[in-house]
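All remarks here apply to the structure that follows.
A, B, ... follow the sequence lines: proteins, then strands. Residue 1 opens every chain.
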Amino acid sequence: MSKRTKILDLLQTAPGSDYTVMGWVRTFRNNQFIALNDGSCLANLQAVVDFENFDPSLLKRITTGAALKITGTLIPSQGKGQSVELKANAIEILGDCDVEVYPLQPKRHSLEFLREIAHLRFRTNTFSAVFRIRHALSYAIHKFFNDRGFVNIHSPIVTGSDAEGAGEMFQVTTLDLNNPPKNEDGSINFKKDFFGKATNLTVSGQLEAELAALALSEVYTFGPTFRAENSNTTRHLAEFWMIEPEVAFNDLDDNMDLAEDMLKYLIQYVMDHCEEDLSFLEQRLAEEEKQKPQQERSEMSLKEKLAFCLEHPFERLTYTEAIDILKNSTPNKKGKFQYPIEKWGADLQSEHERYLVEKHFKKPVILTNYPKEIKAFYMRLDDDGTTVRAMDVLFPGIGEIIGGSQREERYDVLLGRMKEMHIPAEEMSWFLDTRKFGTVPHAGFGLGFERLVLFVTGMTNIRDVIPFPRFPGNAEF
RNA sequence: GCCUCCUUAGCUCAGUCGGUUAGAGCGACGGACUGUUAAUCCGCAGGUCCCAGGUUCAAGUCCUGGAGGGGGCGCCA
């Protein structure tokens, strides 16, 4: 292959020289204008064909979806849509594309349809924009933590611990499911399994991150996470990516500061580096909003929404304060909530979270100090003995984007909480060891990566921000 | 897991009270045009009305079951 110039670079190059580009045809207009895209940016390169100088049988093969190599001279464009264009001197068909059977047409497609052809949807404007932004966010996460001296920890994906309590787990085994080795009592003998014990896919890297934090001080994980929950929503996946920072010597306030700084940094990064893709998605969203009834339309455009998040501090309040607001809220008094707020202690439903974020405060909200009964065993017990130092960061349209806490660092209190919640302490001795040997206050949280991508791109279904979504009943591709 | 809606041409959808030969836009194809921006204009083809039963003189339309998909709720990130 001769030297290739990326379309992203070519569009910023002064005209005059010859270049070779390779990419896929979006449209071929007027037997003259090829809109070529190579994914390096949203914009297409316009290649101009003098059709009298090319074999008609070659021109017939320039169809939507075909892969081309075009060599030509970069010239100022006579048309209005672009400043430069490539005057084609040579065209080579790298791969034909039979439009009779190629599912992508030069027209608008529904997200539902594209989801069924996820192997081809990268070739659309919307999905190429989403996945470029997804990449930018991934890179920015590493940059944010690296710049602050955090150490990236690769926590295990196969775990022997089944006591994390973060959700249903997928089993990992090499045993013959049709004829597994049995113990005398008829149960399966996992000693004969690959790892010599029952193993699962991880539901969280947090416990391992805590071990590292209690030596390296500032760490984070960024890896795949698996939950075998039968969740059927636009916000849940069975396989998703999670970022879990864990910081020694941090309390809950430090933890909230870190979460807010991080989210603002990431949003700012995308606004600074993904202007073209963001503008496209903003326009796409605006067109989608037009289809909705006036009442349901959002007041802000995508970029306004992102800027708004940057400009205002997140609202921080305790669970108890939130209950008071909800109890006295108009929808609660008028019986509009499906689950009315009656007494302190109840878990908040998503309708309540949405009211706080979207109606009452109209900005991101951090809820803290939840009743201990509705939170995990490892969260630090408050002095009153009834609440724990938990924090949930709630975003408009997404709900919970971050869940975290200051961790219980006191050995006796942690052990007591584990017993209360029926966590088998014997199997968790390695975790308890950290509280036995030089324990310190520490805190951390989990950020759902796809939920962040959802928010930043303005997409509405989490299955559209991961290349090949896994959810109940579906593991295609 | 629960609730709800949908499934008609390649895609998006219309199809009245159950009644003749099931329609439109876009896309594809053929032609015209040749500085176009999802080009335009003219023409043409394209249907297992999701599947299996049932009711009826007659079912895309009604009923039962199944499959696939969307949305909401719960679980949570």
Side-chain angles (χ1 to χ4, degrees), chain A residues 25-35 43-52 59-60 63-65 75-82 85 87 97-117 124-125 164-168 203-206 222-244 259 291 337-339 347-354 374-376 392-395 398-404 445-455 460-464 466 471-474 476:
Chain A
V25 176
R26 286 295 176 80
T27 62
F28 183 30
R29 285 185 294 271
N30 221 358
N31 216 21
Q32 280 184 103
F33 304 104
I34 302 168
N44 302 321
L45 174 73
Q46 171 152 290
V48 186
V49 179
D50 182 358
F51 56 84
E52 288 176 339
L59 297 180
K60 271 204 115 50
T63 57
T64 297
I75 56 169
S77 179
Q78 296 173 41
K80 287 195 179 106
Q82 55 286 313
E85 60 193 18
K87 189 175 181 305
C97 186
D98 181 356
V99 290
E100 292 281 352
V101 288
Y102 185 54
L104 291 176
Q105 302 164 356
K107 57 166 286 188
R108 204 177 176 79
H109 287 296
S110 68
L111 295 175
E112 290 81 5
F113 173 66
L114 294 171
R115 215 171 284 153
E116 288 172 17
I117 51 165
T124 64
N125 286 337
E164 292 166 27
E168 292 297 311
V203 292
S204 164
Q206 179 199 315
F222 187 172
T225 309
F226 306 88
R227 306 246 170 115
E229 305 282 343
N230 193 4
S231 298
N232 295 286
T233 79
T234 54
R235 309 181 302 284
H236 289 84
L237 291 166
E239 176 184 285
F240 64 100
W241 291 68
M242 188 153 64
I243 295 96
E244 295 179 286
Q291 313 293 318
F337 284 142
Q338 198 187 333
Y339 299 89
D347 209 347
L348 298 181
Q349 307 295 316
S350 63
E351 60 178 345
H352 307 133
E353 296 178 350
R354 269 210 311 276
I374 57 175
K375 288 291 178 186
D392 284 2
V393 181
L394 309 176
F395 261 40
I398 312 295
E400 187 179 341
I401 197 166
I402 280 178
F445 59 83
L447 165 71
F449 184 54
E450 283 76 16
R451 290 188 180 176
L452 175 67
V453 181
L454 260 190
F455 181 75
T460 49
N461 191 319
I462 203 163
R463 296 169 186 179
D464 293 332
I466 188 166
F471 50 96
N474 192 296
E476 286 298 303

Quiz item: In the structure shown, which nucleotide is the Watson-Crick or G-U wobble counterpart of A67(B), with both distances under 3.5 Å?
Solution: U7(B)
Quiz item: If you look at every strand shown and take non-hydrogen atoms under 4.0 Å, does L237(A) touch a base, only sugar-phosphate, or nothing?
Solution: base
Quiz item: Nearest to the side chain of N474(A), which nucleotide is it out of G69(B), C26(B), G71(B)?
Solution: G69(B)
Exercise. Select from Q32(A) and I401(A) the residue whose nearest nucleotide in RNA chain B is closer to the 5' end of that strand.
Key: Q32(A)
Quiz item: Of the nucleotides A28(B), G30(B), C75(B), which one has an atom closest to the side chain of K60(A)?
Solution: G30(B)
Quiz item: Which of the following nucleotides, U36(B), C73(B), A28(B), is nearest to the side chain of T233(A)?
Solution: C73(B)
Exercise. Go through G25(B), C76(B), U36(B) for me and flag the one nearest to the D347(A) side chain.
Key: C76(B)
Exercise. Could you check whether S77(A) gets within reach of a base, just the sugar-phosphate, or nothing at all, counting any heavy atom under 4.0 Å?
Key: base
Quiz item: Think N461(A) has a side-chain N or O under 4.0 angstrom from the OP1 or OP2 of G71(B)?
Solution: yes
Practice problem: Scan N44(A) against the nucleic acid and name what it touches under 4.0 Å (heavy atoms): base, sugar-phosphate only, or nothing. | Solution: nothing
Quiz item: Under the criteria of a ring-centre distance below 5.5 Å and an interplanar angle below 30°, is F449(A) stacked with the base of A77(B)?
Solution: no
Practice problem: Report which part of the nucleic acid Q338(A) touches: base, sugar-phosphate, or nothing (heavy-atom distance under 4.0 Å, all strands). | Solution: nothing
Quiz item: Between F471(A) and R463(A), is there a cation-pi geometry (under 6.0 Å to ring centre, at most 45° from the normal)?
Solution: yes
Quiz prompt | Sugar-phosphate only, base, or nothing, as touched by F395(A) at under 4.0 Å among non-hydrogen atoms | solution = nothing
Quiz item: So what does F113(A) hit on the nucleic acid, given a heavy-atom distance under 4.0 Å: a base, only sugar-phosphate, or nothing?
Solution: sugar-phosphate
Exercise. Give E100(A) one of three labels, base, sugar-phosphate or nothing, depending on what nucleic acid heavy atoms sit under 4.0 Å from its own.
Key: sugar-phosphate
Exercise. Just compare C73(B), U36(B), G25(B) and give me whichever is closest to any side-chain atom of Q349(A).
Key: C73(B)
Quiz prompt | Base of C76(B) paired with side chain of R451(A) (donor-acceptor, under 3.5 Å) | solution = yes
Quiz item: Could a donor-acceptor pair under 3.5 angstrom be found where the side chain of Q82(A) meets the base of U36(B)?
Solution: yes
Quiz item: Between G403(A) and P106(A), who's closer to the 5' end of RNA chain B by nearest nucleotide?
Solution: P106(A)
Quiz item: For R108(A), which contact category applies under a 4.0 Å heavy-atom criterion: base, sugar-phosphate, or nothing?
Solution: base
Quiz item: Contact class for K87(A) vs. all strands (heavy atom < 4.0 Å): base, sugar-phosphate, or nothing?
Solution: nothing
Quiz item: Is there a donor and acceptor pair, one atom on the side chain of H109(A) and one on the base of C11(B), closer than 3.5 Å?
Solution: no
Quiz item: Which nucleotide, A77(B), G70(B), C29(B), lies nearest any side-chain atom of V99(A)?
Solution: C29(B)
Quiz item: Contact class for S231(A) (heavy atom, under 4.0 Å): base, sugar-phosphate, or nothing?
Solution: base
Exercise. Using distance alone, with no hydrogens and no angle criterion, decide if R235(A) and T233(A) have a side-chain donor and acceptor under 3.5 Å apart.
Key: no
Quiz item: NA contact type, E351(A), heavy-atom cut-off 4.0 Å: base, sugar-phosphate, or nothing?
Solution: nothing
Exercise. Looking at every strand, decide which applies to Q78(A) at a 4.0 Å heavy-atom threshold: base, sugar-phosphate, or nothing.
Key: base
Practice problem: Look at the side chain of Q105(A) against the base of G10(B) and say whether a donor-acceptor pair falls under 3.5 Å; ignore hydrogens and angles. | Solution: yes
Quiz item: Does a distance-only test, which skips hydrogens and angles, find a donor-acceptor pair under 3.5 Å between the side chain of R235(A) and the base of A77(B)?
Solution: no
Practice problem: Mind checking E85(A) for me? I need base, sugar-phosphate or nothing, with any heavy atom below 4.0 Å counting as a touch. | Solution: base
